[in-house]
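Only one structure is covered here, and it is reproduced in the block below.
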There are 2 protein chains.
Amino acid sequence: MILIGERINGSFKDIGAAIKEKKKAPIQEWAKKQTEAGADYLDVNLGAVSKSPEDFSWLIKTVCEAVPTPLSVDCNKLELMRAGLETHREVAGSRPLIINSTTAEESKLMPLVELAVKYDGGLIGVVMDERGSPQDVDRRVELGAKIFAVASEAGLTPDRIYLDPIVMPLKFMQEQGKNVLEAIRQFAMISDPPPHISVGLSNICSKAEERGLINRTFLVMAMAAGCDAAICNVMDTELVNAVATAELILNKEIYSDSYLKAYRKRA
Amino acid sequence: MILIGERINGSFKDIGAAIKEKKKAPIQEWAKKQTEAGADYLDVNLGAVSKSPEDFSWLIKTVCEAVPTPLSVDCNKLELMRAGLETHREVAGSRPLIINSTTAEESKLMPLVELAVKYDGGLIGVVMDERGSPQDVDRRVELGAKIFAVASEAGLTPDRIYLDPIVMPLKFMQEQGKNVLEAIRQFAMISDPPPHISVGLSNICSKAEERGLINRTFLVMAMAAGCDAAICNVMDTELVNAVATAELILNKEIYSDSYLKAYRKRA
């Protein structure tokens, strides 16, 4: 399972403040903590705190200095993304990275695919387009197939393509859970080998009471359907334990009585 | 989800002793406790303590007296099963019941199906035959389809047929977890509406360290694949909470902030 730590995001108060005040310490601490907790990638996002390319570059540099963990460079403005990726190349060289994200929108898909090619990165493709987020399975799969086709044609191999079926809040759109699981199952059949399938997990428990329980239950179900990546709270021990156990059941990690410890140290 | 409480089984020391000494209290206490915990059925099994039809009849009577919860009448001897079902009819009348279990073996399948027809019960069909337990998906599905066909032809509707894919210990047969999940997915396509799909859950964690975690992770994955019944430890609160959450995600129970409480009271 590819665990992408969600915590370095300007939407969290401490990170937002650190970005504004250019304080490296709180950011670098989260980079280290998430890495120790087992994060394979660290998502790095300004949130609503800033739209400045300089701030994004500073944030990326700050994280790259602190840990060797690969980044998921996360923003939805093309101009910011270009600046961020250029900075990443300067400071991290050929370190692996994920570009987070494109959609199937005409104005985004080709430019983002080109950036993924240019910077030798993985690319998350969120299955929405000009018409918004799909509610049904078919449209999710249609948009996933479109993103996959465009990315493949440009030279991205399946292991560099991450399809995101768009997880929706259980509390408000309860019927969408099943649709997302079925879309994941169908994404896994788009090619052989399949693309990665990634979820933005925390959306599932939005405004709900039993957040941790809902997160880990959904993620385990998504893994059974073929999901192999998640942007999530890697500091949630019960979540990571559930992931480690699901990996055993899917025969992707080898059983030992101390498999929970082993899973954290896998990197 | 159909939760079948596993605890009234002579293999547990306290139940074994109670059967030998004909003490009703410990047995009736477990009947009540499991019912309160949310059991839909109570599995009733002599274990290795006795092979006497009188003891089985006594055990069934003892449980039926204590609670109105339906039973899963569980033994692998035809003679005992006949006695048990006759007793069940005498003491519980037309109360629903599950007959646990037949296999696809020639010597068992028709007799057990006939008992299910005669006593108006559900029937668990474990997908093994004279050649033993299958290791692969295809043979599980082949035997499941055979049991389903014979039971259907005799008049059992899909809602009275429970296919059991045979869960195996993760610690010793790690590759079987995936096969069981895939078999469940295929069982769910045997008919429309599908038969029930039931697992003997506790086998998955045999001799492992993280028993509760492995149980609930596997069950949630099995539910995502189509499993809708489990013989399990209903006293395990975290297991039942995981089941309740999976039911929400599958849109089978309605979300409320207090859904965990609501799930326990659903009966």
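Here is the naming used below: chain letters follow the sequence lines, and residue numbers restart at 1 for every chain. Treat the numbers as computed from the prediction; the structure is a model and nothing was measured.
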Residue that, paired with B/L201, satisfies side chain to side chain contact (heavy atoms under 4.5 Å, CB included) out of B/I231, B/I4, B/N215: B/N215
Under 3.5 Å: donor-acceptor pair, side chain of A/E6, backbone of A/D43: no
Option in B/E209, B/M223, B/R216, B/Q176 with maximal non-hydrogen atom pairs under 4.5 Å from chain A: B/E209
Any side-chain donor near an acceptor of the partner, B/S11 and B/N9, under 3.5 Å: yes
Pick from B/E210, B/R185, B/K207, B/K171 with the largest number of heavy-atom pairs that fall under 4.5 Å of chain A: B/K171
Flag for B/T245-B/Y259: side-chain donor and acceptor within less than 3.5 Å: yes
A/E182 portion near chain B, given a 4.5 angstrom heavy-atom threshold: neither
A/N45 side chain to A/R7 side chain, donor-acceptor N/O pair below 3.5 angstrom: no
Donor-acceptor pair between A/N241 and A/R264 side chains, under 3.5 angstrom: yes
Residue A/L181 versus chain B: region with a heavy atom under 4.5 Å: side chain
Residue B/L260 versus chain A: region with a heavy atom under 4.5 Å: side chain
Contacting moiety of B/L250, where chain A heavy atoms sit under 4.5 Å: both
Chain B contacts, top residue of A/E175, A/K178, A/M221, A/E238 (heavy-atom pairs, under 4.5 Å): A/M221
